[in-house]
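We're numbering straight along the sequence, starting at 1. Keep in mind that what you see is a predicted model, and the values were worked out from it rather than measured.
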Amino acid sequence: MFRSQVKVWHCFLNRKTALSLQAYFLFHLPDLTPLVDTLVCLNLSFNNLLFFPMEVFNIKSLQVLVLRNNPIRKIPNDIHRLKSLKKFTISFNLLSELPSGLFLLEDLQYLDIAYNDIRFIPNDIRNFRKLECLNTEGNQLSALPSGVLNLPLKFLRIENNFIHPLLWNEKIQNQPQKLTHLAALCFSRNNLKERYSDITEDIEKILDDFAVCDCCSGPRYGEGLQLIQIYRNVFKFGRLPFYFYACSSSCLRNF
C-alpha cells in the first residue's frame with residue numbers, strides 16, 4: 001500500500017493525468033484524493049480487488065478505467081456517475097450480470113467484458129450510441145440482444161461463448177404469458193383508456209409499466225416471448241444470432 005501511495009503522489013506532483021497501479025496486488029486502493037480533479041486514465045489491472053473500487057466515483061474527469069484480472073463479482077449501479085467514461089475494461093473478472101446504470105454512460109466508446117460469467121446482456125445496450133468496440137468473448141452468451149444492431153460498432157468479439165444452434169431451443173423455452181399482461185396489451189392496442197374515465201390506481205400502474213416490443217415496436221407487458229433470429233453479414237460476421245422479445249404470440253408469428 002505504501003508503494004502505491006507513493007505512486008499517487010508522484011502522479012500528483014508531476015501533474016500527470018494517467019495513473020497505473022497494475023500488478024500491485026492491492027486489496028484496497030490508496031488515497032486518490034489528490035487526483036480527483038485531474039485524473040483521466042486509471043489502470044487497476046492484475047490486483048486482488050474483491051469489490052468494485054467505489055473511490056473512483058469521485059473522479060469526475062475519468063475517461064479510461066481498466067479493471068482487468070481482478071476477482072470482482074459485481075459492478076455497482078452507481079457507475080453511471082462516471083459521466084465522462086469513454087473506455088471501460090473489466091475482463092477476466094467474476095461478473096455474472098451487468099447493471100442498468102452501466103447503460104447510462106452515453107459517451108462510452110469501448111467496452112470489454114470478456115471472460116466473465118455473463119449469460120445475458122440487457123437490451124439497454126442500445127443506449128450506447130457512440131460504442132465502437134465491444135468485446136464479449138469468453139462468456140456464456142447464447143445470442144446478442146437485438147439492440148446491438150443499432151450500434152455503430154467497428155470492432156466486435158464474441159468467440160468462446162455458447163452461440164450454437166443446438167443450444168437455442170433450450171434457451172427460448174417460453175413460459176405462458178400472464179393474463180394480466182395480455183389484458184393490458186389488449187387494453188392498450190384498442191385505446192380503451194379513452195372509453196374508461198374511472199380506471200383505478202392499481203390498473204393504471206399496470207398499464208404504465210411496459211417496455212417496447214422488439215418485433216412490432218408497440219408496448220410489451222411483462223417479459224414477452226423470446227426468440228432468436230439469425231442475421232447474416234453484420235459486423236463482418238457470416239452469421240450472428242440475436243435475441244428478440246415479442247409482445248404476444250401473434251406478433252411472434254408475424255415476425
Side-chain angles (χ1 to χ4, degrees), residues 1 3-8 10-12 16-122 124-125 127-128 130-141 155-161:
M1 180 63 76
R3 190 165 66 99
S4 62
Q5 194 65 61
V6 169
K7 190 72 176 288
V8 170
H10 181 269
C11 182
F12 172 72
K16 294 184 177 182
T17 58
L19 173 65
S20 176
L21 297 176
Q22 178 174 312
Y24 274 54
F25 304 103
L26 299 174
F27 287 93
H28 305 283
L29 294 192
D31 183 12
L32 299 177
T33 305
L35 305 176
V36 293
D37 295 324
T38 58
L39 201 61
V40 174
C41 177
L42 179 59
N43 186 353
L44 300 172
S45 300
F46 295 93
N47 281 294
N48 295 318
L49 299 175
L50 296 173
F51 302 98
F52 190 96
M54 308 293 279
E55 300 94 322
V56 301
F57 294 148
N58 298 320
I59 309 173
K60 304 302 182 183
S61 57
L62 195 64
Q63 296 183 20
V64 178
L65 178 59
V66 183
L67 288 164
R68 176 189 168 106
N69 284 87
N70 279 284
I72 297 173
R73 294 183 177 274
K74 186 176 181 180
I75 301 173
N77 204 45
D78 282 346
I79 191 161
H80 66 84
R81 292 168 55 185
L82 296 175
K83 297 184 182 299
S84 300
L85 201 63
K86 295 181 178 180
K87 181 176 180 179
F88 182 37
T89 298
I90 192 164
S91 53
F92 294 92
N93 276 259
L94 301 174
L95 301 178
S96 58
E97 60 182 3
L98 301 175
S100 58
L102 175 66
F103 304 105
L104 298 177
L105 298 174
E106 297 179 353
D107 290 333
L108 201 67
Q109 300 174 9
Y110 181 101
L111 177 62
D112 185 354
I113 53 173
Y115 292 96
N116 279 281
D117 193 27
I118 298 171
R119 300 171 182 268
F120 174 76
I121 297 177
D124 289 342
I125 195 173
N127 298 332
F128 288 150
K130 297 181 181 180
L131 194 69
E132 296 182 350
C133 299
L134 175 63
N135 188 354
T136 65
E137 187 178 7
N139 280 284
Q140 299 194 41
L141 300 173
F155 175 85
L156 173 65
R157 295 201 65 171
I158 197 169
E159 296 84 359
N160 297 327
N161 277 281

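- The closest donor-acceptor contact from the side chain of Lys7 to the backbone of Ser20 lies under 3.5 Å.
- Side-chain atoms of Phe88 and Leu105, non-hydrogen and from C-beta on, never get closer than 4.5 Å to each other.
- Classification of the Phe92-Tyr115 ring pair by plane angle, with boundaries at 30° and 60°, yields parallel.
- Here Asp107 pairs with Lys130 in a salt bridge; the nearest charged N to carboxylate O distance falls below 4.0 Å.
- Using a 4.5 Å cut-off on side-chain heavy atoms (C-beta onward), Ile79 and Phe52 make contact.
- Using modelled atom types, no side-chain atom of Ser91 and backbone atom of Asn69 make a donor-acceptor pair closer than 3.5 Å.
- Ser45 and Asn47 get closest at one heavy-atom pair: O-ND2, 3.1 Å.
- Counting only N and O atoms by type, the side chains of Ser100 and Asn77 include a donor and acceptor under 3.5 Å apart.
- Within the 3.5 Å criterion, the main-chain N or O of Asn93 finds no donor-acceptor partner in the side chain of Asn70.
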Residues Phe103, Leu108; criterion side-chain contact (heavy atoms from CB on, under 4.5 Å); working and verdict: CA-CA 9 Å; Phe103 304 105; Leu108 201 67; over 6 Å; no
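- Side chain of Asp78 to backbone of Phe57: no donor-acceptor contact under 3.5 angstrom is found.
- Remark: the backbone N or O of Val36 is not paired with any side-chain donor or acceptor of Asn58 at under 3.5 angstrom.
- Here the side chain of Gln22 pairs no donor or acceptor atom with the backbone of Phe46 at under 3.5 angstrom.
- Minimum heavy-atom separation, Val56 to Leu82: O-CD2, 3.3 Å.
- For the pair Ser61 (side chain) and Leu39 (backbone), a donor-acceptor distance under 3.5 Å is present.
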Derivation and outcome, side-chain contact (heavy atoms from CB on, under 4.5 Å), residues Phe155 and Glu132: CA-CA 6 Å; Phe155 175 85; Glu132 296 182 350; over 6 Å; no
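- Residues passing the salt bridge (charged side-chain N to carboxylate O under 4.0 Å, His left out) test with Asp117: none are found, sequence neighbours excluded.
- Residues satisfying the ring-ring contact (aromatic ring centres under 6.0 Å, His included) criterion with Tyr24, sequence neighbours excluded, are absent altogether.
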